[in-house]
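As the structure lists them, so they are numbered: ligands from 1, and atoms in each ligand from 1. For the single chain, residues carry numbers from 1 onward in sequence order.
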Amino acid sequence: MPLVSTRQLLDEAAKGGYGVGAFNVNNMEQIQAIMEAAKDTNSPVIIQASRGARAYAQDNYLYHLMLAAAELYPQIPLSMHLDHGNSFETCKSAIELGFTSVMMDGSLKPDGKTPATFEENVEVTKKVVDFSHERGISVEGEIGVLGGVEDGHGAGGTGLEHLTDPDQAVEFAERTGVDSLAVAIGTSHGAYKFTKKPDGSVLKMELVIAIHKRLPKTHLVMHGSSSVPKDLQDIINQYGGKLKPTWGVPVEEIQLGIRNGVRKVNVDTDSRLAITGAIRKVFVEQPEKFDPRDYLKPARAAMQKVIALRMTQFGQAGHAGDYKAISIADMAKGYANGTLSTKPEVSAK
Ligand code: 13P
């Protein structure tokens, strides 16, 4: 299957009532781990790269690895998504490279750190939507500001500073025409999200429910959705790592979100933990090894295991064969003739 639009994956997920994991990558082994997990669980999947990943891997390497994935796994609906674009130019360059969807994170100014005003966010997001839809590319916007920092992008903090306001979410969706909406509900990027198992005082799932009530057909996106499982933390620390005690987003909370309009679930940290634990184990147990394959193979396998588990938990498993690819050119026609709606359905308060 050619690379498809994230909009198609999310429309299908809404029909099926499931969520789709969007997994971050920087290199070949991570892409391989995700694709093997998708094959084993028969899952459609979103692979995403941040600006940091694009700089690390270089755009052309990344794009051609993604093309290889699409070629090698023709049965898997796969989209290539830009995570946290900081400006119109960043989104444009991703689209010109071949990404099939972009996130315009206008919640922050182009420095990727300072919260932007609502009007600034609407303006830049709408500009990206117009450019992208003309080309058949889908757009994720963000309203409210997430916590933490990922690959140098983020306002920091706990994620409670700029929670999404449901009324603003409605206005934002109406004025921009985004295909999906990332919401700030107390999650943050990285391993250190919560100091104990989160409850409603720090993880505001009731906000997801409130936003979904107002925007029942809008695809919601949960960022910072790694669960930071204790077993992966333990492997790292058992083999010389120094992670401090920490908690992520429990899978049952993500599943509650999925029952309330969350269609895209962003996961990066869990993959990083799995890889690091596996590599540390080899280094400690077999210090005589020096062939990178001796530690990259177990690292890849460990990531594949956690991704396959998430695919099953998010409900995307088993859905790869549900539909045929819509070409990006046909997506562009759909936006132009209105069969792909960009006007959100809004319910009264
Ligand atoms: P985690 O750090 O929780 O994996 O979040 C990743 C993310 O939201 C990427 O945009």
| task | Select the closest option to atom 2 (O) of ligand 1 among V267, T269, V265, T187, judged by heavy-atom distance. | result | T269
| query | Which heavy atom of A210 sits nearest a heavy atom of P166, and at what distance? | reply | CB-CG, 4.2 Å
| task | Begin with the C-alpha distance, continue with both residues' side-chain angles, and end with the deciding distance and a verdict on side-chain contact (heavy atoms from CB on, under 4.5 Å) for H223 and E140. | result | CA-CA 12 Å; H223 281 247; E140 172 182 337; 2.7 Å; yes
| message | ring pair (Phe, Tyr, Trp, His ring centres under 6.0 Å) for H81 and F99? Distances and angles first, verdict last. | response | CA-CA 6 Å; H81 178 75; F99 279 72; 8.2 Å; no
| For ligand 1, which atoms sit closer than 4.0 Å to a heavy atom of G224? | 1 (P), 3 (O), 5 (O), 7 (C), 8 (O)
| message | Show the atoms of ligand 1 that are less than 4.0 angstrom away from any heavy atom in D268. | response | 1 (P), 4 (O), 6 (C)
| message | Show me which atoms of ligand 1 lie under 4.0 Å from any heavy atom of N24. | response | 9 (C)
| task | Might you confirm whether atom CD of Q168 has over 12 heavy atoms from other residues, nucleotides or ligands at distances under 6.0 Å? | result | yes
| request: For H189, counting its heavy atoms only, list the atoms of ligand 1 lying under 4.0 Å from any of them. | output: 2 (O), 5 (O), 6 (C), 7 (C), 8 (O), 9 (C), 10 (O)
| request: Considering heavy atoms of the protein only, find what lies nearest to atom 9 (C) of ligand 1 and give residue, atom and distance to 0.1 Å. | output: D83 OD2, 3.1 Å
| query | Does K193 have a non-hydrogen atom less than 4.0 Å from ligand 1? | reply | yes
| message | Nearest 0.5 Å, please: how far is CD in Q255 from OH in Y18? | response | 15.5 Å
| Ion pair E89/K92, N-O distance below 4.0 Å | no
| H219 and H212: aromatic ring centres closer than 6.0 Å? | no
| field | Numbered atoms of ligand 1 (with element) below 4.0 Å of H84, judged on heavy atoms | value | 10 (O)
| Quick one: does S225 get an N or O within less than 3.5 Å of an N or O on ligand 1? | yes
| query | Is there a heavy atom in M222 that sits closer than 4.0 Å to ligand 1? | reply | no
| query | Which of the atoms in ligand 1, numbered in the order shown and given with their element, are less than 4.0 Å from a heavy-atom of H223? | reply | 8 (O), 10 (O)
| request: Determine, using ring centers only, whether F88 and F131 are less than 6.0 Å apart. | output: yes
